[in-house]
Each structure stands twice: as C-alpha cells, then as structure tokens.
Amino acid sequence: MNDKQIVIYQLLPRLFGNKNTRNIPYGTIEQNGSGKFNDITDQALDGIKELHVNYVWYTGAIAHASLTDYSRYGIKVDDADVVKGRAGSPYAIRDYYDVNPDLAVDVKNRMKEFEALVKRTHAKDLKLIIDFVPNHVARSYHSYAKPKNVVDFGSKDDIKKGFSPANDFYYIPGQKFLVPQHEPKQTPISGLQDGRFDEYPAKATGNNAFVAQPKYDDWFETIKLNYGIDYLNGEKNYFDPIPPVWVKMRDILIFWTKKGIDGFRCDMAEMVPIAFWNWVIPQVKQVNPDLIFIGEAYNPKVYKKYLDEGKFDYLYDKVGLYDGLKKLIRNEPNADVSVIRQVWQAESAGFGNHMLRFLENHDEERIASAGFAGNAELALPAMVVSATLGSGPVMLYFGQEVGEPGKGVEGFGDDDNRTTIFDYWGVPNHQKWMNNGAFDGKKLNENQKKLRAYYQQLLKVTTQSDAVIHGDIYEVPQVGNMNNRMYAFIRYSGKQRLLVVVNFDRSQSLEANIEIPDHVLKVKSSSPVTDLLTDKKLNIPAGTNIPVKLAPVSAQVIEF
C-alpha cells in the first residue's frame with residue numbers, strides 16, 4: 001500500500017446486512033433481525049470498493065457477551081445484569097477463539113462462514129481488519145472454541161491475591177461482585193435482570209475500577225486484564241518474567257493472523273503498557289510482515305512513543321484533528337481553522353503519515369444527527385481536510401456516505417446521535433443503499449446519491465494522488481477575505497501540485513488570489529488547471545497566483 005492512501009471502511013456485520021426495518025426498542029434478534037457474514041456478498045464488497053476503499057474493518061466479528069440464547073450449541077447464556085443491551089457490546093469479548101454466532105446462518109458452521117467472508121474480501125482485492133480488545137474481557141469470559149493447548153484466562157490465578165504478576169485478572173479479595181446501582185428504568189429486558197451476578201471474589205473492572213461494586217457508567221460488564229502492572233502500588237511493573245496475559249494475547253493475535261486477517265484495530269491501546277506492544281507486534285508480524293496495527297489513542301503527548309517504542313503503524317487522530325474539525329462543522333463560537341495548523345505543524349509534526357483521520361466511527365456521533373450537524377453536507381470541507389492533510393489512512397463508517405442520522409431509541413444505545421452497537425437494529429439510510437441485498441443504491445434520494453458521489457470522487461482523487469501520498473505540505477497565508485473559518489494549503493511532490501481550499505463559513509464566500517511560492521512553482525505543473533472534485537477545467541492563465549472563489553461550506557482540490 002506504499003503508493004496508495006489507505007481507505008478503511010468500518011462496518012458492523014450485525015447491522016450492515018440487516019434488511020429488517022421493524023426497529024423495536026430492545027428488540028430480540030427474532031424481532032429486529034441481524035446481518036450475517038453471508039450478507040456481505042460480492043455485490044456488497046463491490047459497492048464498498050466504489051468508494052475507493054482498500055481495507056474493510058469488520059467490527060464485532062469475535063464472539064462477545066449477548067442475551068441471545070445459544071445454549072443448544074453449547075454456549076452458556078449470558079447474565080443480563082452484566083450485558084449492555086440485548087445484542088451486547090462488541091468490546092466485551094466472551095470467547096477470543098470464536099466468532100459471534102449472531103452473524104452465522106448456520107451457527108454450527110459459524111467459523112467457516114467467517115473464513116468464507118475472509119476469502120470473499122481478499123478475492124475482491126480488499127484487505128480486512130478486526131478488533132483486538134487487549135485491556136479487558138467480558139465478565140462471563142469462557143472459551144468454548146479454544147484450541148486444545150490453550151489455557152483460559154484466570155484458570156490458574158491465585159484468587160486470594162489482589163495482584164500477582166502471575167495472575168490474569170485483578171481481584172478484590174474477600175468481597176463478592178455487586179451489580180452497579182442506578183436509577184431503575186423499566187425496559188423490555190428488566191425482567192431478565194435480578195440485580196445479582198455470581199462472581200467471587202470480585203474482579204477489577206475494565207476501566208481500572210478496583211472495587212467490588214463498579215458504577216453504572218463504568219465498564220461494569222468487563223474485567224481488567226493484568227499485564228504485570230500493580231495499579232494499587234504506584235503502578236510498579238512486573239514484566240520479567242513475561243506475564244501470562246502477554247503470551248495468551250500473542251497467541252490470540254497469531255491465531256487470527258493465520259485466518260487471513262490483514263490488520264488489527266487495537267481497542268484502548270493506551271491502557272496496555274507500551275512494553276507489551278513493543279514485545280508482541282514484531283512477533284505477530286513474523287507471521288505476516290504486511291499486517292497493520294492501528295491504536296485507539298487519545299493522549300497526544302504519547303503518540304510518538306506508541307509509534308516508536310510501541311511499534312504501531314497508525315494511531316487515531318481524534319483529540320487533535322477530529323475534535324477541532326467537529327467544532328468547525330458545528331459552527332461553534334470558538335471554532336478555528338488554527339487547529340488544522342496545530343495538528344500538522346506541532347502535534348503530529350514528523351509523523352502525520354502515521355495518523356488515521358476520520359469524521360465518524362462507532363464511538364462518535366453521526367454527522368447528520370441532530371446533536372452533531374443535522375446535515376451531512378456540512379462536513380464535506382472537513383472530509384476534504386481529513387483525506388488530504390496527510391498520507392496516513394482515512395476512515396469511513398458505514399452509512400456516513402449516505403448521511404445516516406443515527407436517530408431513535410434503539411435500546412441500551414438510547415437516542416444518543418449514534419448508531420447503536422449494543423442492540424439489534426436496522427440502519428435506515430444504509431438500508432436504502434443496500435436495497436434488499438442488491439447494494440445498488442436505487443432507494444437513495446437524490447441528495448443521498450450526490451453525497452455518496454462526493455465521497456467517491458474525493459477518495460478517488462486522494463488514493464491516486466502522488467502529492468497526497470508522497471508530497472510535502474505548505475500552508476497558504478491568510479489572504480483576501482479569509483477568516484478563521486477558512487483554510488488553504490498546498491500538497492506537492494515531484495509529480496504533482498494540489499491546492500486544497502476549504503470554507504467552513506456558513507454565510508460568507510471565500511474570495512482570494514492565492515500566491516504560489518517559488519519552491520512550489522519549480523515542481524512539475526499540470527496543464528490545464530483542474531478542480532479535481534468536479535473534474536472541471538478552470539479557465540486560469542498560467543502564472544504565480546490562482547484566483548479562488550468558494551461558496552460557503554464547500555471545498556476545492558485544484559491541480560495546477
């Protein structure tokens with residue numbers, strides 16, 4: 001992928017292929033349906049490829065806790081007091097050596113159906129990513145599908161010790177686990193909850209809550225894994241000998257790599273010691289040197305450390321670029337394009353090509369939701385910045401390209417401007433594109449079609465652009481009537497020059513004569529001057545400046 005920008009398309013198979021439109025809050029799998037691995041057909045993959053995607057991230061593929069009963073297949077039913085929603089969180093892994101039975105047409109054959117999806121994906125010249133959740137597992141964790149030589153987490157722990165370097169979990173000795181207290185709210189799953197969960201001694205909760213009764217807003221459904229850090233005694237490290245969790249996690253990563261996985265999105269990577277990543281990533285890459293590791297990271301102060309010492313290929317650019325662009329999209333009073341400069345000139349200076357840019361994912365609000373922007377088109381200038389500012393990956397979340405609004409009370413997900421990850425649900429705008437399995441977009445309205453075409457054209461430009469992949473960046477000084485909602489920069493390489501101009505202002509057009517500096521003019525020029533987002537030739541005479549007139553909330557990528 002060295003000569004191509006990585007474009008990742010994130011989808012939840014449970015939601016992506018679901019054709020059911022009933023959408024009953026807290027609905028069962030029988031009521032609301034579930035997408036299957038088999039629903040991600042050749043036609044579906046072709047439709048994803050139209051967006052110039054080259055990696056698909058299948059979220060929730062690994063077996064996680066849920067309230068759907070698969071006891072007839074030898075899988076114990078989970079306890080409703082420690083499951084979020086009816087379908088459960090994809091980040092509360094129940095069995096690291098199995099796939100989610102919800103996603104199989106024939107549950108007994110579920111791993112073969114997943115393996116067939118891997119083959120289908122590769123046959124379309126696409127690579128695939130799955131989640132690796134290293135920090136915690138479901139409270140109900142038990143592997144039914146593990147290979148014979150594998151020892152389950154915690155099975156050899158000394159449960160009398162709160163912390164031991166040899167233990168897989170952290171314990172609260174002498175105390176039993178107590179279900180979190182919260183405002184009683186009657187839901188369709190209240191009848192399944194008795195306020196009790198049998199766990200003695202209590203184990204520490206995933207978000208470092210070392211108490212027998214976590215709070216309701218803690219990750220109460222998960223157990224923290226022990227990587228050899230004694231959190232209650234100054235975070236003292238015990239990394240020699242190698243902790244058992246390290247070895248178990250390496251073996252899990254190698255197991256999935258051998259299934260043909262091309263990359264891992266590592267959940268909450270900063271909650272696991274850098275020393276582990278430094279140790280594990282090179283070993284897993286011995287199995288497949290082309291693997292990519294993406295870290296979910298939120299602390300810009302340690303980005304470089306996680307890349308250099310932790311050996312990650314890419315990290316989330318959430319706290320810097322995403323948060324700043326969100327303010328601009330929403331037209332907040334303190335929004336300012338200076339955040340774009342801050343990101344590439346300071347925060348990720350020297351390693352911007354290792355930052356993954358996005359405007360939506362499963363954790364964030366949908367752009368078209370009432371709580372974010374209310375209108376998907378308002379994010380297009382930000383999408384242009386995300387795709388052109390660096391040469392690192394850019395990511396889309398399924399439905400983003402058709403303006404999915406994330407509306408409605410789904411269940412545990414509530415009406416929170418997001419598409420639920422906890423419930424069985426149909427995703428309305430995406431279902432219009434899916435068109436009952438044809439994946440041809442025929443049910444989309446004209447605005448939705450135009451939005452998808454914009455994403456398609458933008459990503460065609462960036463994935464094929466030498467200036468984006470290999471080029472340097474030059475910031476255009478404020479000129480003309482540019483204000484703090486307007487920004488311009490030039491990407492240039494030995495083969496190409498691009499002027500990127502974005503206008504986030506809701507009411508004012510951008511008008512400016514942009515001077516091209518000498519060192520950029522020396523680079524090979526394109527003739528004629530073209531707006532690549534519309535493929536329109538611009539009637540601009542060759543010279544040292546480019547006149548620009550840009551309507552409110554719009555962008556241009558001009559090859560010159």
Side-chain angles (χ1 to χ4, degrees), residues 1 4-18 34-62 90-91 99-100 102-104 110-111 113-133 253 256-257 259-267 288 290-294 296 313-314 316 356-364 386-387 392-402 404 419 421 427 430-431 433-434 437-441 452 455-456 458-460 462-463:
M1 299 299 297
K4 221 171 193 189
Q5 184 181 42
I6 288 176
V7 179
I8 299 168
Y9 190 85
Q10 182 194 5
L11 64 87
L12 278 78
R14 185 210 302 154
L15 302 176
F16 181 85
N18 187 17
S34 173
K36 309 292 181 186
F37 293 131
N38 289 1
D39 290 322
I40 305 167
T41 59
D42 286 340
Q43 289 85 354
L45 293 168
D46 285 339
I48 291 169
K49 274 193 84 170
E50 283 174 3
L51 295 164
H52 301 277
V53 166
N54 36 49
Y55 277 80
V56 187
W57 167 14
Y58 295 121
T59 301
I62 296 178
Y91 296 96
V99 291
N100 182 358
D102 284 346
L103 307 179
R110 58 192 179 274
M111 187 60 86
E113 289 184 25
F114 175 72
E115 288 164 350
L117 172 61
V118 173
K119 280 187 182 156
R120 266 197 312 285
T121 307
H122 286 157
K124 290 292 180 184
D125 200 23
L126 289 162
K127 294 179 183 282
L128 68 143
I129 294 167
I130 62 168
D131 289 279
F132 174 56
V133 188
L253 284 165
W256 289 104
T257 301
K259 294 267 181 209
I261 302 304
D262 302 295
F264 296 95
R265 178 268 186 189
C266 302
D267 185 69
N288 176 6
D290 295 327
L291 269 181
I292 62 168
F293 279 81
I294 300 166
E296 181 191 14
D313 298 291
Y314 306 105
Y316 270 34
L356 180 150
R357 271 81 193 236
F358 60 86
L359 295 180
E360 284 192 357
N361 63 41
H362 67 277
D363 282 322
E364 307 302 341
S386 295
V394 62
M395 183 167 77
L396 303 180
Y397 187 38
F398 82 109
Q400 176 181 344
E401 73 280 13
V402 291
E404 186 57 50
T419 295
I421 63 169
V427 184
H430 166 71
Q431 286 178 325
W433 173 70
M434 181 166 48
F439 297 96
D440 59 9
R452 194 172 193 276
Y455 274 91
Q456 202 171 332
L458 170 63
L459 294 168
K460 177 186 172 187
T462 61
T463 51

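Residue numbers run from 1 in the order of the sequence given.
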Could you give the distance from [atom1] ([X]) to [atom2] ([Y]), rounded to the nearest 0.5 Å?
X: Ile6; Y: Ile8; atom1: CD1; atom2: CD1; value: 6.5 Å
X: Tyr55; Y: Ile292; atom1: OH; atom2: CD1; value: 4.0 Å
X: Leu359; Y: Met395; atom1: CG; atom2: CE; value: 10.0 Å
X: Ile48; Y: Ile40; atom1: CD1; atom2: CD1; value: 7.0 Å
X: Leu459; Y: Glu50; atom1: CG; atom2: CD; value: 12.5 Å
X: Asp262; Y: Ile130; atom1: CG; atom2: CD1; value: 10.5 Å

For [X] against [Y], the heavy-atom pair lying closest together:
X: Leu126; Y: Val56; result: CD1-CG2, 4.2 Å
X: Glu401; Y: Tyr9; result: OE2-OH, 2.8 Å
X: Ala104; Y: Arg110; result: CB-CB, 3.5 Å
X: His52; Y: Thr463; result: O-CG2, 3.8 Å
X: Ile421; Y: Pro90; result: O-CD, 3.4 Å
X: Leu103; Y: Ala61; result: CD1-CA, 4.1 Å

[X] side chain to [Y] backbone, donor-acceptor under 3.5 Å:
X: Asp313; Y: Phe293; result: yes
X: Gln431; Y: Asn18; result: yes
X: Glu404; Y: His430; result: yes
X: Lys36; Y: Asp102; result: yes
X: Glu113; Y: Met111; result: no

Side chain to side chain donor-acceptor pair (under 3.5 Å) partner of Thr59, the single match among Gln10, Arg14, His362:
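In the set Gln10, Arg14, His362, the residue that makes a side chain to side chain donor-acceptor pair (under 3.5 Å) with Thr59 is Gln10.
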
How about [X] and [Y]: does a side-chain donor come under 3.5 Å of a side-chain acceptor?
X: Thr121; Y: Tyr58; answer: yes
X: Glu364; Y: Tyr397; answer: no
X: Asp131; Y: Tyr91; answer: yes
X: Tyr314; Y: Arg265; answer: no

Within 6.0 angstrom of Lys49 NZ, more than 12 heavy atoms from elsewhere
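Buried by this count: over 12 neighbours within 6.0 Å.
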
Consider ring pair (Phe, Tyr, Trp, His ring centres under 6.0 Å). Of Trp57, Phe37, Phe439, which one does Phe16 pass it with?
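Among Trp57, Phe37, Phe439, the one that satisfies the ring pair (Phe, Tyr, Trp, His ring centres under 6.0 Å) with Phe16 is Phe439.
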
Asp39: side chain to side chain donor-acceptor pair (under 3.5 Å) partners, not counting sequence neighbours:
Lys19

I'd like to know whether the aromatic ring centres of Phe114 and Trp256 sit less than 6.0 Å apart in this structure.
yes

Kindly write out the residues that satisfy salt bridge (charged side-chain N to carboxylate O under 4.0 Å, His left out) with Lys259, not counting sequence neighbours, or none if the list is empty.
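Expected list: Glu115.
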
